[in-house]
Amino acid sequence: MSNKRGRQESSEKQRRNAYREKIEGLHFSHSLEKNVALIKELFCDVDIMKYRVIEGQRSYCLIWSEGLVSSEQMDAYIIKPLLLFMPPEQGGPILDVLRHHVLQVNEIKKTGDLFEIVKAVAYGETLLITDGETEGLLLDTKSFTTRSINEPDAEKILSGPREGFSESLMQNLSLVRRKLRTSELKLKMRSMGQRSNTQICVAYLDGIVKTEVLDELNRRLDAIEIDAVLDTNYLNELIKDNKHSLFRSTAYTERPDVVVSKILEGRVAIFVDGSPVALTAPYLFMENFQSSEDYYVNYYYASLSRLLRFISFFVAITVPGLFVAILSYHQEMLPTVLLIRVAVDSRNVPFPTIIETFALLIMFDILREAGARMPTGVGQALSIVGALVVGSAAVEADLVSANVIIIAAASGITSLLATRLNAAIPIIRNFLIILAAVTGFYGLVLGISVLFIHILRLESFGVPQIGWDTTLRYQNIKDTVIRGPMWRMSERPNGLTEDKVRLRTRRGGKQ
């Protein structure tokens, strides 16, 4: 069985690599016409491919993809020098002469590897081939239209840097490099996607990153065989620790300052060309409640805001289940006056409490999703007007009670504070509601206990996501539910790096 399975995997891999093997079996000849015909065959039916033949004492051909190169650079620094160039009489390697003395391009590479040539031309580089040579020159003429640098809509802050990543990989790396002016910042490029050949960059700080984490990340990336990588979430799901967990193993952000701060703590950042979102790993669970603005405001205010986010998460997932459990099984827990008011309010409602709660929560999620997908002005009006109209109409029609609307609104609004857990909250909340409807408090407590155990067991690239060890030290909790003063945050998060000390001056100014 194992031999049969191994043969099947081998044959599948061979089929996936058939295109690459086909190209690697082809080679340039000494004839310019045959080489041009070979490139045209590889790019058959690609109408944006342009071929410019330059005749003179020697024949040249320039090949590029229209829309991906700079026309001004092509005209001034490649075509014009070639037209004025007089080949030396003694002969010799003409490509070396062109590369070193004629062409005025920042980056020139000499190669005969057709697979590399196809990737480069498809990415905006220009190929120069000439008669009598079995190699060509790849000229860096890339010129993409990219989005300007602006603040990410999903991570707006009131204080701090306003820069955000765009879809250009090199532009994103420049934003990080500008903040970390050290040779210890390593940027390792790789190509992923057998058909997309997407550029990936792994960034880390040498001397701070934990080698075990870096090796594990590279091992998981090496194991990926996929046709295309169009966004960082492709990698997030493929390198995730627990494939079926609701919680992430990597953080995501569109802010350069966040990426730099994570790298300085010993994490590894992953950039994908064409995506404005960067991944960082390992990932601690408390990062779900952190914001970059926490470090740009007073630590008292930052701690209060973070504590509110933390509480809001548990309110969002537990309050509906608690409400259903009390009304279904444990009415004696309510004060008599409140119980009477709830009973009077629900006397004409034809549905049980669990149906009311589910219906309103689903309606809230629908309105939130519709508001997010609609244009900005229309979306805000839809969310506000829709909630008011639907809520009051449902109460007047005796379809739901006002108490359920309050509970659903409390759960829905508090879930908006924990934006990084938006995908997990509805699933956990519905799971706890079902347990509470079936067995009351027992099911609710059991569900919360299972959730806590799952969170405690979460790992990210070998690092426990809870981030604490067996000793309760201030340095282990200084940046969790609260944010300590900057002069007291002298150590990096536990388990992320061997170099724990990041601040050696306890406190500046007056003592």
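- A 4.5 Å side-chain heavy-atom check between E356 and N403 finds every atom pair outside the cut-off.
- Under a 3.5 Å cut-off, the side chain of R162 and the backbone N or O of I157 do form a donor-acceptor pair.
- Two residues are said to be in side-chain contact when any heavy atoms from C-beta on lie closer than 4.5 Å; R255 and E151 meet this criterion.
- Considering only heavy atoms from C-beta on, I407 stays 4.5 Å or farther from S411 through its side chain.
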>> Walk me through whether R190 and D222 qualify under side-chain contact (heavy atoms from CB on, under 4.5 Å).
In response: CA-CA 10 Å; R190 62 164 65 211; D222 291 337; 2.8 Å; yes
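- Using a distance-only test at 3.5 Å, with no hydrogens or angles considered, a donor-acceptor pair links the side chain of R492 to the main chain of V501.
- G164 and I149 get closest at one heavy-atom pair: O-CG2, 3.6 Å.
- Distance alone, capped at 3.5 Å, places no donor-acceptor pair between the R306 side chain and the D294 backbone.
- A salt bridge does not link D241 with R457: none of the charged nitrogens is closer than 4.0 Å to a carboxylate oxygen.
- Taking CZ of F358 as the start and CD1 of I433 as the end, the distance is 5.0 Å to the nearest 0.5 Å.
- Ion pair K119/E116 not flagged as a salt bridge, since none of the NZ, NE, NH1 or NH2 atoms sits closer than 4.0 Å to an Asp/Glu carboxylate oxygen.
- Nearest approach of I413 to F364, heavy atoms of both residues: N-CZ, 4.0 Å.
- Of all heavy-atom pairs between R248 and K240, the closest is CA-CE, 4.4 Å.
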>> If you apply the rule ring pair (Phe, Tyr, Trp, His ring centres under 6.0 Å), what do you find for F314 with F289, and how did you get there?
In response: CA-CA 12 Å; F314 289 100; F289 311 104; 7.3 Å; no
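- Proximity of the aromatic rings of F165 and F271 is defined here by a centroid distance below 6.0 angstrom, and this criterion is met.
- Heavy atoms of other residues, nucleotides or ligands lying less than 6.0 angstrom from OH of Y296 number more than 12.
- In this model, no donor atom of one side chain and acceptor atom of the other lie less than 3.5 Å apart for D215 and N218.
- Side-chain atoms of M189 and L169, non-hydrogen and from C-beta on, do get closer than 4.5 Å to each other.
- The shortest side-chain heavy-atom distance between F431 and I317 does not fall under the 4.5 Å cut-off.
- The two residues D273 and E167 make their nearest non-hydrogen contact at OD1-O, 3.6 Å.
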> Passes side-chain contact (heavy atoms from CB on, under 4.5 Å), L444 versus L435? Steps please.
Replying inline: CA-CA 6 Å; L444 184 63; L435 289 179; 5.9 Å; no
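- A donor atom on one side chain and an acceptor atom on the other are found under 3.5 Å apart for S275 and D231.
- A distance of 12.0 Å separates OH in Y234 from CD1 in I200, rounded to the nearest 0.5 Å.
- Between Y283 and T280, every side-chain heavy-atom pair lies at or beyond the 4.5 Å cut-off.
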> So L217 and I270, side-chain contact (heavy atoms from CB on, under 4.5 Å) or not? Walk me through it.
Replying inline: CA-CA 10 Å; L217 173 62; I270 307 172; 3.7 Å; yes
>> Could you walk me through whether T182 and L205 satisfy the side-chain contact (heavy atoms from CB on, under 4.5 Å) test, starting with their C-alpha distance in whole Å, then the side-chain angles of each, then the deciding distance to 0.1 Å, before giving a yes or no?
In response: CA-CA 9 Å; T182 172; L205 212 57; 4.1 Å; yes
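- Using modelled atom types, one finds no donor on one side chain facing an acceptor on the other under 3.5 Å when comparing Y295 with D257.
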Donor-acceptor contacts under 3.5 Å from residues 415-423 side chains, at least two apart:
unit_1, atom_1, unit_2, atom_2, d
S415, OG, G412, O, 2.5
R420, NH1, Y252, O, 2.9
N422, ND2, T419, O, 3.3

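- Here the side chains of Q199 and Y123 are in contact, with some heavy-atom distance below 4.5 Å.
- Interatomic distance, N288 CG to Q465 CD, rounded to the nearest 0.5 Å: 8.0 Å.
- When all heavy atoms of A436 and V324 are compared, the closest pair comes out as C-CG1, 4.4 Å.
- One distance of note links CD1 of I428 with CG of L451; it measures 5.0 Å at 0.5 Å rounding.
- Counting heavy-atom neighbours within 6.0 Å of Y442 OH, excluding the residue itself, gives a total of 12 or less.
- In this structure, H330 and F441 have parallel ring planes: the angle between them is below the 30° cut-off, well short of the 60° mark.
- In terms of the side-chain contact (heavy atoms from CB on, under 4.5 Å) criterion, residue partners of V260 (sequence neighbours excluded) are, by chain and number, V176, K179, L180, L264.
- With contacts defined as side-chain heavy-atom distances shorter than 4.5 Å, the pair I239/I224 qualifies.
- The residues E265 and R267 are annotated as salt-bridged, a charged nitrogen and a carboxylate oxygen being separated by less than 4.0 angstrom.
- To the nearest 0.5 Å, atom OG1 of residue T253 and atom CG of residue L279 are 10.0 Å apart.
- The shortest heavy-atom contact between P256 and E163 is CD-O, 3.3 Å.
- Separation of atoms CD1 (I427) and CG (L432) is listed at 12.0 Å; rounding is to 0.5 Å.
- One N or O on the side chain of E155 and one on the backbone of E254 form a donor-acceptor pair closer than 3.5 Å.
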